[in-house]
S.K.: 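Here it is, the structure, as structure tokens.
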Amino acid sequence: MATGHTDPQRRERIIAATLDLIAEEGIARVSHRRIAARAGVPLGSMTYHFSGMDDLLREAFGRFTDHIVAVFDAHLCAPADAGQARQAVADLVHALSEGSRRDLVLAQELYTLAARRPAYRELTHEWMRRSRLHLEKHFDPDTARQLDALIEGLTLHRALATEPHDRALTLEAVARITDTGRAR
């Protein structure tokens with residue numbers, strides 16, 4: 001194994017291994033030893049790069065939320081008007097629900113952790129704030145808040161349903177929240 005001086009990506013591998021383990025086995029099965037083995041680093045690297053498991057989990061989930069916010073940005077940066085923005089929100093719901101199971105599991109693991117341990121709520125609050133900023137480019141703040149919740153709920157329902165609803169139903173739900181009087 002390379003030392004930290006010749007292994008500048010060690011910290012990144014630890015973070016990636018942490019997210020992979022959480023997605024595959026759940027947060028309850030994550031340990032320094034298992035992460036180190038997965039990342040291919042000496043166990044001592046864990047305490048060199050992170051002050052403890054909480055520090056590592058906050059960093060890893062921070063990376064995950066950055067990724068999801070980038071997905072929001074990719075879908076919501078281009079629409080030129082409210083109609084296109086509604087279409088983009090529907091596309092986002094379907095992209096998230098049909099996309100990576102890893103992302104779906106990581107989101108639920110973070111929500112559960114935040115529900116049980118208030119110190120992690122800061123991560124979820126910041127994630128929601130950043131997601132709403134993308135939505136507020138096209139909709140007023142109250143509508144953006146409602147849409148953010150709708151996106152989460154529809155994504156989860158579509159991802160877990162044996163017969164997911166179609167795009168027309170998603171678009172109808174988005175339209176109901178974003179009636180033309182409230183769009184920017």
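Heavy-atom basis, side chains included; hydrogens, waters and symmetry copies ignored.
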S.K.: Would I177 end up clustered with L169 when hydrophobic side chains under 4.5 Å apart are linked, directly or stepwise?
M.R.: no
S.K.: Decide whether L106 and L156 are clustered together by the hydrophobic rule: side chain heavy atoms of Ile, Leu, Val, Met, Phe, Trp, Tyr closer than 4.5 Å, transitively.
M.R.: no
S.K.: On a heavy-atom basis, which atom in P79 and which in C77 lie closest, and how many Å separate them?
M.R.: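 Residues P79 and C77, closest heavy atoms: CD-C, 3.6 Å.
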S.K.: Looking at every non-hydrogen atom in both residues, tell me the closest pair between S131 and V69 and how far apart they are.
M.R.: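 For S131 and V69, the tightest heavy-atom pair comes out as OG-CG2, 4.2 Å.
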S.K.: If only atom types and distance count, is the side chain of E59 paired as donor or acceptor with the main-chain N or O of D55 below 3.5 Å?
M.R.: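 Here the side-chain-to-backbone pair does not exist.
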S.K.: Kindly compute the distance separating OG1 (T47) from NE2 (H32), expressed to the nearest 0.5 Å.
M.R.: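 Rounded to the nearest 0.5 Å, the OG1-NE2 separation comes out at 7.5 Å.
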S.K.: Using 0.5 Å steps for rounding, measure from the CZ atom of R130 to the CG atom of D73.
M.R.: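 The CG atom of D73 is 10.0 Å from CZ of R130, to the nearest 0.5 Å.
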S.K.: Decide yes or no on side chain to side chain contact (heavy atoms under 4.5 Å, CB included) for T143 and E136, but give the supporting numbers first.
M.R.: CA-CA 8 Å; T143 302; E136 288 174 8; over 6 Å; no
S.K.: Side chains of R167 and Q87: closer than 4.5 Å at any heavy-atom pair?
M.R.: yes
S.K.: Compare all side-chain heavy atoms of E152 with those of Y111 and state whether any distance is below 4.5 angstrom.
M.R.: yes
S.K.: Heavy atoms only: give me the nearest F139-A82 pair and the separation to one decimal.
M.R.: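 What the structure gives for the nearest pair is CZ-O, 4.3 Å.
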S.K.: Has H138 got a side-chain atom pairing as donor or acceptor with L76's backbone, closer than 3.5 angstrom?
M.R.: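 It does hold such a pair.
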S.K.: Is it the case that more than 12 heavy atoms not belonging to E122 sit under 6.0 Å from its CD atom?
M.R.: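 No.
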S.K.: Show the nearest heavy-atom pair for residues A90 and L171, with the distance to one decimal.
M.R.: CB-CD1, 4.0 Å
S.K.: Check step by step if side chain to side chain contact (heavy atoms under 4.5 Å, CB included) holds for V89 and H75.
M.R.: CA-CA 7 Å; V89 170; H75 281 83; over 6 Å; no
S.K.: For R158 and V93: C-alpha separation, side-chain torsions, deciding distance, then whether side chain to side chain contact (heavy atoms under 4.5 Å, CB included) applies.
M.R.: CA-CA 9 Å; R158 284 196 85 255; V93 167; 4.1 Å; yes
S.K.: Pairing donors with acceptors under 3.5 angstrom, does anything connect the side chains of R176 and Q146?
M.R.: no
S.K.: Would L57 and I27 satisfy side chain to side chain contact (heavy atoms under 4.5 Å, CB included), going step by step from the backbone distance to the final call?
M.R.: CA-CA 9 Å; L57 289 175; I27 202 161; 3.9 Å; yes
S.K.: Can you check whether A114's main-chain N or O pairs, donor with acceptor, with R121's side chain at less than 3.5 Å?
M.R.: yes
S.K.: Say you draw a straight line from CE of M46 to CZ of R34; how long is it, rounded to the nearest 0.5 Å?
M.R.: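 If we round to the nearest 0.5 Å, M46:CE and R34:CZ are 12.0 Å apart.
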S.K.: May I ask you to test the R145-M128 pair for a side-chain heavy-atom distance under 4.5 Å?
M.R.: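 Sidechains of M128 and R145: no contact.
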S.K.: Could you tell me whether R13 atom CZ has more than 12 heavy atoms of other residues or ligands within 6.0 Å of it?
M.R.: yes
S.K.: Any sub-3.5 Å donor-acceptor pair from S45's side-chain atoms to V41's backbone N or O?
M.R.: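 Looks like no, no N/O pair under 3.5 Å.
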S.K.: Establish whether L133 and L96 are linked, either directly or via other cluster members, by ILVMFWY side-chain heavy-atom contacts under 4.5 Å.
M.R.: no
S.K.: Considering only heavy atoms from C-beta outward, does the side chain of F50 approach that of I15 to under 4.5 Å?
M.R.: yes
S.K.: Shared ILVMFWY cluster between V105 and L19, side chains joined below 4.5 angstrom?
M.R.: no
S.K.: How far does CG of D166 sit from NE2 of H94, to the nearest 0.5 angstrom?
M.R.: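 One gets 7.0 Å once the value is rounded to the nearest 0.5 Å.
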S.K.: Is the closest side-chain heavy-atom distance between R102 and D20 below 4.5 Å?
M.R.: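 SC-SC contact between R102 and D20 confirmed.
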S.K.: Is there a side-chain contact between I14 and H49 (heavy atoms, below 4.5 Å)?
M.R.: yes
S.K.: Quick one: CG on L160 to CG on L104, what's the gap to the nearest 0.5 Å?
M.R.: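 That separation rounds to 5.5 Å.
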S.K.: Hey, which of T18, D103, L123 is the one that makes side-chain contact (heavy atoms from CB on, under 4.5 Å) with F64?
M.R.: D103
S.K.: Hey, any chance M53 and Y120 share a hydrophobic cluster, counting ILVMFWY side chains that come within less than 4.5 Å of each other, even indirectly?
M.R.: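 Looking at the clustering, Y120 is in the same group as M53.
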S.K.: Run the numbers on E24 and R38 for salt bridge (Lys or Arg N to Asp or Glu O under 4.0 Å), then give the verdict.
M.R.: CA-CA 12 Å; E24 292 169 13; R38 178 68 175 258; 2.8 Å; yes
S.K.: Is there a side-chain contact between I151 and F72, using heavy atoms and a 4.5 Å cut-off?
M.R.: yes
S.K.: Any non-hydrogen side-chain atom of L147 less than 4.5 Å from a side-chain atom of R132?
M.R.: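 Result no, sub-4.5 Å side-chain heavy-atom pair not found.
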S.K.: How long is the straight-line distance from CZ of F61 back to OG1 of T124, given to the nearest 0.5 Å?
M.R.: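 Rounded to the nearest 0.5 Å, the OG1-CZ separation comes to 11.0 Å.
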